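Comments concern the structure below.
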Number of protein chains: 2
Amino acid sequence: MVTIKQVAQLAGVSFKTVARVVNKEPGVKPHNVEKVEAAIEKLGYRPNKAASLVRKKQSDIIGFISDEISTTPASVAILKGAQDMAWEQGKTLMVFNLDPKHPNKDRLYEECLQHRSEGIIYGAMYHQSVEFSKLFKTLPTVLVNCVSTQNDFTSIVPDDELAGYYVTKQLLYKGYKRIAFLNLNPDIMAAQHRQKGFLKAMQEYGIPENQWRIDTIEQVIEGRTVNIAGEVAKQVIEEFKPDAVLCGKDLAAIKVYLVIERLGLTVGQDIAVASFDNWHDIPEILEPKLSTMALPYYEMGRLAVSQVLQLIANKNTVYPVTHHKVPCLLFDRASF
Amino acid sequence: MVTIKQVAQLAGVSFKTVARVVNKEPGVKPHNVEKVEAAIEKLGYRPNKAASLVRKKQSDIIGFISDEISTTPASVAILKGAQDMAWEQGKTLMVFNLDPKHPNKDRLYEECLQHRSEGIIYGAMYHQSVEFSKLFKTLPTVLVNCVSTQNDFTSIVPDDELAGYYVTKQLLYKGYKRIAFLNLNPDIMAAQHRQKGFLKAMQEYGIPENQWRIDTIEQVIEGRTVNIAGEVAKQVIEEFKPDAVLCGKDLAAIKVYLVIERLGLTVGQDIAVASFDNWHDIPEILEPKLSTMALPYYEMGRLAVSQVLQLIANKNTVYPVTHHKVPCLLFDRASF
DNA sequence: TTGTAAGCGTTATCAT
DNA sequence: ATGATAACGCTTACAA
């Protein structure tokens, strides 16, 4: 690899002058700038970031540790958001995936430390509560899509309660009166919060208990989550005869559509359907197009980076831990 | 940050002894190993990868430049495969996303060069032909899910022709006689290759031309790809009355299912459906479960890393460029 | 078995 | 405006 000294030699100046040109420091004669730039071009010189990092203390690297996040299409957007923001701020994101077989957060954290990462973002696959070792206190650290069991890290999560509340209110506002909520696995936080929002809206509208019902579309059998949306939807629709179904995720909404079709009913006319995710092309592909609460993953990714940069900037001052709930947006299409 | 010298001082040995312990070089007295390890533990020392890189020439970093790949759920698996393989080989993947608004491959390549990346993987969103500047010749470079217009880079793509051939043969073998192929946008390579395979199978089975038909489910209007799978499927099924529909992607298969339902027919009984992708949960969620040709993204990611490592190892010897077509697997479920 | 000295490609400091 | 020299934290080579 070409070094600054070789450039200096070819340009016939000292290597410090080359450094000045490379780092755009002022005070180099235009004539020399030209010579240096020509030499750089000719030799194909690139500054060595590692060498630079050894001397100045800025690595401009942010570590991103993901609990399977990057294989979960729904939340790939977190990564993308983080990467975009990092790039805009002149930082490089170093992404590490947790091995699902041997999930060892600390090992990846060590990796980040060795690269002199300035801060860490930990992203989870779904809104949950995670336990962290004291190692995670080493660097400014922000959690996305999860909170720590001790609540002792800055965290960024979707505002699931508000989302549940909002979409339910919209349904009620539009005149639906018998709503079935086909919720996710009740063990996960998202499900709990959405349910809270759902109930709040019900209460606010004074809907009696026999006019709504909540079921779960996921069953955990031996640690594996099994989707039973189809069966549940069929049973609920036949027995309870709702005029609207609120579905825990778009993927399950596909099943609900299919079930409704099969019962000879029409989505949007006979039964309204609403959902959570706004996952990629799915809402647009369904007919009628699915109205769904978008999870703000991309924005959460961006916010994570801006938060971690803030923590880095205020490293020495003790800062109260903040928790951010990012609002979800309703994509109002044609299913209710 | 703690340095090797501080550790040495606390342990009461020379910094070289600490280096030996850190790098697991043999020939240090057990007693001293203990002392050093205690000091490392106490001070929380981590070796500085940047400093090490400055001296030895190995960065152990592989650059991964992605053309929107990491936002495309279907091919997130490429990244995951690459990352897994890289990790297994003791390498770190540095991932960069192309900005869709200002896609500048060269700038990201520069970034990789500055980090002294040892090789580059360029991943595309879908199987296509891409043009590269001479800059890409700087480092050992492997293309995934695309080929270069000049065919001058090692490339890894799915064997779309074989996939099209194989799934068609399976359909024919199972006795279907009137097959409608609802293909992707004919401009993309995947569509062209699959069509070739489709036709080959047809010919092999001696199916007359009026017993099959090919339509496209994507229209490019002003540069934007519009999905018209629903309309096309409806028309084709009503007019052509196929006994099997081969669909360009799982997402479109959802629409095909819906259309078939609506016509009062049953997937798997009245009309078989086959597809390409095996995208995440979709095939499992449909009823009957969708039989689909899985695109081998994960494997392609792994292969990309192993290929680039091979190129790096044989850097000095001139090597003929190789093109890898990775076979696709049929996930045989219940839709045909 | 352990330590010393030089060197990697930068940046920082200070002198010219 | 330019350059010499030291320093960063590590690895390499060699000496003790």
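Predicted model only: the values in this text are computed from it and were never measured.
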- Just checking, is any N or O donor in the side chain of B:Ser66 or B:Asn97 under 3.5 Å from an acceptor N or O on the other one? yes
- Task: Kindly determine whether A:Asp152 and A:Lys137 satisfy salt bridge (Lys or Arg N to Asp or Glu O under 4.0 Å), including the steps that lead there.
- Result: CA-CA 9 Å; A:Asp152 49 357; A:Lys137 298 289 181 183; 3.2 Å; yes
- Note on the structure: Bounded by its outermost nucleotides with an atom under 4.0 Å from a heavy atom of chain B, the footprint on DNA chain D reads D:dG9 to D:dA13
Only distances under 3.5 Å count here; give the side-chain donor-acceptor pairs of residues 25-42 of chain A to other protein atoms, sequence neighbours excluded, each with its distance to 0.1 Å.
none

- Dump the intermediate steps for side-chain contact (heavy atoms from CB on, under 4.5 Å) on A:Gln310 and A:Ser306, then the final yes or no. CA-CA 6 Å; A:Gln310 220 168 92; A:Ser306 81; 5.5 Å; no
- Item | Inter-residue atom distance A:Leu143.CG - A:Ile121.CD1, 0.5 Å rounding | 10.0 Å
- Task: For the pair A:Gln83 (side chain) and B:Val95 (backbone), establish whether a donor and an acceptor sit closer than 3.5 Å, ignoring hydrogens and angles.
- Result: yes
- Query: Which of residues 9-28 of chain B sit near DNA chain D, with a heavy atom under 4.0 Å from it?
  - Reply: B:Phe15, B:Lys16, B:Asn23
- Task: Please work out which residues in residues 108-118 of chain B have a non-hydrogen atom less than 4.0 Å from an atom of DNA chain D and list them by number.
- Result: none
- Does the separation of the ring centres of B:Phe64 and B:Tyr122 fall below 6.0 angstrom? no
- Note on the structure: CZ (A:Arg116) and CE (B:Met1) are apart, to the nearest 0.5 Å, by 5.0 Å
- Spell out, as yes or no, whether a donor-acceptor pair under 3.5 Å connects the side chain of B:Asn104 to the backbone of B:Arg107. yes
- Which word best sums up how the rings of B:Phe96 and B:His115 line up, parallel for under 30°, tilted for 30 to 60°, or perpendicular for over 60°? tilted
- Enter the distance from B:Asp159:CG to B:His324:NE2 here, rounded to the nearest 0.5 Å. 13.0 Å
- At under 4.0 Å between heavy atoms, what does B:Lys5 touch on the DNA or RNA strands: base, sugar-phosphate, or nothing? nothing
- Task: Evaluate the side-chain contact (heavy atoms from CB on, under 4.5 Å) criterion for residues A:Leu309 and A:Lys91: first the C-alpha distance (whole Å), next the side-chain angles of each, then the deciding distance (0.1 Å), finally the verdict.
- Result: CA-CA 10 Å; A:Leu309 290 179; A:Lys91 305 293 177 185; 3.8 Å; yes
- Give, ordered by number, those residues of residues 31-55 of chain A having at least one heavy-atom distance below 4.0 Å to an atom of DNA chain D; if nothing qualifies, reply none. A:Asn32, A:Val54, A:Arg55
- Message: Assess, by modelled atom type and distance only, whether the side chains of A:Asp60 and A:Thr92 contain a donor and an acceptor separated by less than 3.5 Å.
- Response: no
- Please give the angle, rounded to 10 degrees, between the axes at the start and the end of the helix from C:dT1-D:dA16 to C:dT16-D:dA1, where five pairs define each axis. 40°
- Message: Tell me whether the NZ or CZ atom of A:Lys80 lies within the 45° cone about the ring axis of A:Tyr298 and under 6.0 Å from its centre.
- Response: no
- Message: Would you call the rings of B:Phe136 and B:Tyr109 parallel, tilted or perpendicular, taking 30° and 60° as the class edges?
- Response: tilted
